[in-house]
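Let me give you the structure first, and then I'll get to my questions.
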Amino acid sequence: MPIKRLTREFYGRATLIVARELLGQRLVRLYHGEQLAGRIVEVEAYIGQGDQACHASMGRTARNAVMFGPPGQAYVYFIYGMHYCLNIVTEAEGFPAAVLIRAVEPQAGLATMQALRPGRPLADLTRGPGRLCAALAIDLSCNGADLCAPDSALWVEEDAALPDSAIAAGPRIGVRGDMAALQAPWRYYLQDNPWVSGRRTVTDHTTDHR
DNA sequence: GGATCGATCGGCT
DNA sequence: GCCGATCGATCCG
């Protein structure tokens, strides 16, 4: 069975469905002829102008214009003066929404990814939206890239489907406020997966050496 | 282990 | 001018 790139029809659906179904799929970045790849383990949905945490909540601007475009494109933004974050545009053209890729589990191209983040622990290679962009060499040159085009250098491939029992949901990281949308559980992640971002807890075995 | 803070700069009020 | 969909260093207990 040939490997299948996720299609524009896949991305052009309700954002929460797309976010949920992106978990477990394989994000691939073609970098100097080499495939850098990781399994998506954590995502967040940003949904339209009614979502005050969505960059498009105040209307269309030069920065967020890609989110208003057709689904299946990369929306990459620069934040805190030093980091990039990767989103994939969802829903019908004209409705601004996207899924933020917050973490992946490295699958291929480990050595190159580590070279792109010199001196950093392997455990943090792709754990967090800024980190995974650095490891996959994703920056503003990827903004607007069409993940559905056969010749693009960034795409998502179909991988094994996951049971709902493997997935957890919660409020989005770094999003606070009293309005309902700001407290919505629109962050999805693989339960107990060591590559999911955020503070590790005592029950986390990832730092054990046993 | 957990809290706090500085870095660093584009976008928008 | 202010602040952010973050990260990593540092300080504290």
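Treat the numbers as computed from the prediction; the structure is a model and nothing was measured. The basis for the numbers below is simple: all heavy atoms, side chains too, and nothing from hydrogens, waters or symmetry mates. Order of the sequence lines fixes the chain letters, A, B, ..., with proteins taken first and strands second; residue numbering starts at 1 for each chain.
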Subject >> Who pairs with dG1(B) - Watson-Crick or G-U, where each distance is under 3.5 Å >> reply: dC12(C)
Original post:
What's the CG-P distance between Asn143(A) and dG11(B), to the nearest Å?
Top reply: 10 Å
Original post:
With a cut-off of under 6.0 Å to the ring centre and 45° to the axis, is Arg8(A) in cation-pi contact with Phe10(A)?
Top reply: no
Subject >> Lys/Arg-Asp/Glu bridge criterion (N-O < 4.0 Å) met for Asp164(A), Arg20(A) >> reply: yes
**OP:** Over all heavy atoms of both residues, which pair between Ala97(A) and Thr15(A) is shortest? Give the atoms and the distance, please.
**Re:** CB-OG1, 3.4 Å
Subject >> Basic-acidic side-chain contact under 4.0 Å: Glu44(A), Arg102(A) >> reply: yes
Subject >> Positions of residues 79-95 of chain A (non-hydrogen atom under 4.0 Å from DNA chain B), listed by number >> reply: Tyr80(A), Gly81(A), Met82(A)
**OP:** Mind calculating the distance between OH (Tyr77(A)) and C1' (dC7(C)) to the nearest angstrom?
**Re:** 13 Å
Subject >> CG/Leu122(A): more than 12 non-hydrogen atoms of other groups inside 6.0 Å >> reply: yes
Subject >> Residues Arg187(A) and Glu42(A) bridged, charged N to O under 4.0 Å >> reply: yes
Original post:
What is the nucleic acid contact for Arg63(A), judged by heavy atoms within less than 4.0 Å: base, sugar-phosphate only, or nothing?
Top reply: sugar-phosphate
Original post:
With respect to the phosphate group of dG8(C), does any side-chain polar atom (N or O) of Arg120(A) fall under 4.0 Å of OP1 or OP2?
Top reply: yes
Original post:
Quick one: Asp139(A) CG to dG10(B) C1', roughly how many Å, whole number?
Top reply: 15 Å
Original post:
Using 4.0 Å as the upper bound for N to carboxylate O, is an ion pair formed by Glu158(A) and Arg26(A)?
Top reply: no
**OP:** Check the distance between dT6(C)'s P and Leu132(A)'s CG and give it to me in whole angstrom.
**Re:** 12 Å
Subject >> Per Val175(A) side chain, nearest of listed nucleotides dA5(C), dG10(B), dC7(C) >> reply: dA5(C)
Original post:
Base, sugar-phosphate alone, or nothing: which one does Ser197(A) contact when heavy atoms must sit under 4.0 Å apart?
Top reply: nothing
Original post:
Would Arg5(A) and Ser152(A) count as having a side-chain donor-acceptor pair, cut-off 3.5 Å?
Top reply: yes
**OP:** Residues of residues 46-55 of chain A with any non-hydrogen atom less than 4.0 angstrom from an atom of DNA chain C: list those, numerically ordered, please.
**Re:** Tyr46(A), Ala53(A), His55(A)
**OP:** Report the nucleotide, chosen from dA5(C), dT13(B), dC9(B), that has the shortest atom-to-atom distance to any side-chain atom of Phe78(A).
**Re:** dC9(B)
Original post:
Applying the side chain to side chain contact (heavy atoms under 4.5 Å, CB included) test to Leu125(A), which of Arg131(A), Arg120(A), Arg117(A) qualifies?
Top reply: Arg117(A)
Original post:
Within this structure, what is the CZ-to-P distance between Arg172(A) and dT6(C), rounded to whole angstrom?
Top reply: 11 Å
**OP:** Grab the CG-C1' distance between Leu140(A) and dG10(B) for me, whole Å please.
**Re:** 10 Å
**OP:** Would you please classify the geometry between the Tyr84(A) ring and the Phe78(A) ring as parallel, tilted or perpendicular, with 30° and 60° separating the classes?
**Re:** tilted
Subject >> Nucleotide dA5(C), atom P - distance to CD of Glu42(A) in whole Å >> reply: 16 Å
**OP:** Name the nucleic acid region contacted by Arg187(A), choosing base, sugar-phosphate or nothing; use a 4.0 angstrom heavy-atom cut-off, strictly under.
**Re:** nothing
**OP:** Give a yes/no on whether any side-chain N or O of Arg127(A) is located under 4.0 angstrom from OP1 or OP2 of dC7(C).
**Re:** no
**OP:** Kindly say if Thr61(A) contacts the phosphate of dG11(B), meaning a side-chain N or O under 4.0 Å from OP1 or OP2.
**Re:** no
Subject >> dA5(C) pairs with, by Watson-Crick or G-U criteria that keep both distances under 3.5 Å >> reply: none
Original post:
Hey, does the side chain of Arg117(A) come within less than 4.0 Å of dG8(C)'s phosphate (OP1/OP2), counting only N and O?
Top reply: yes
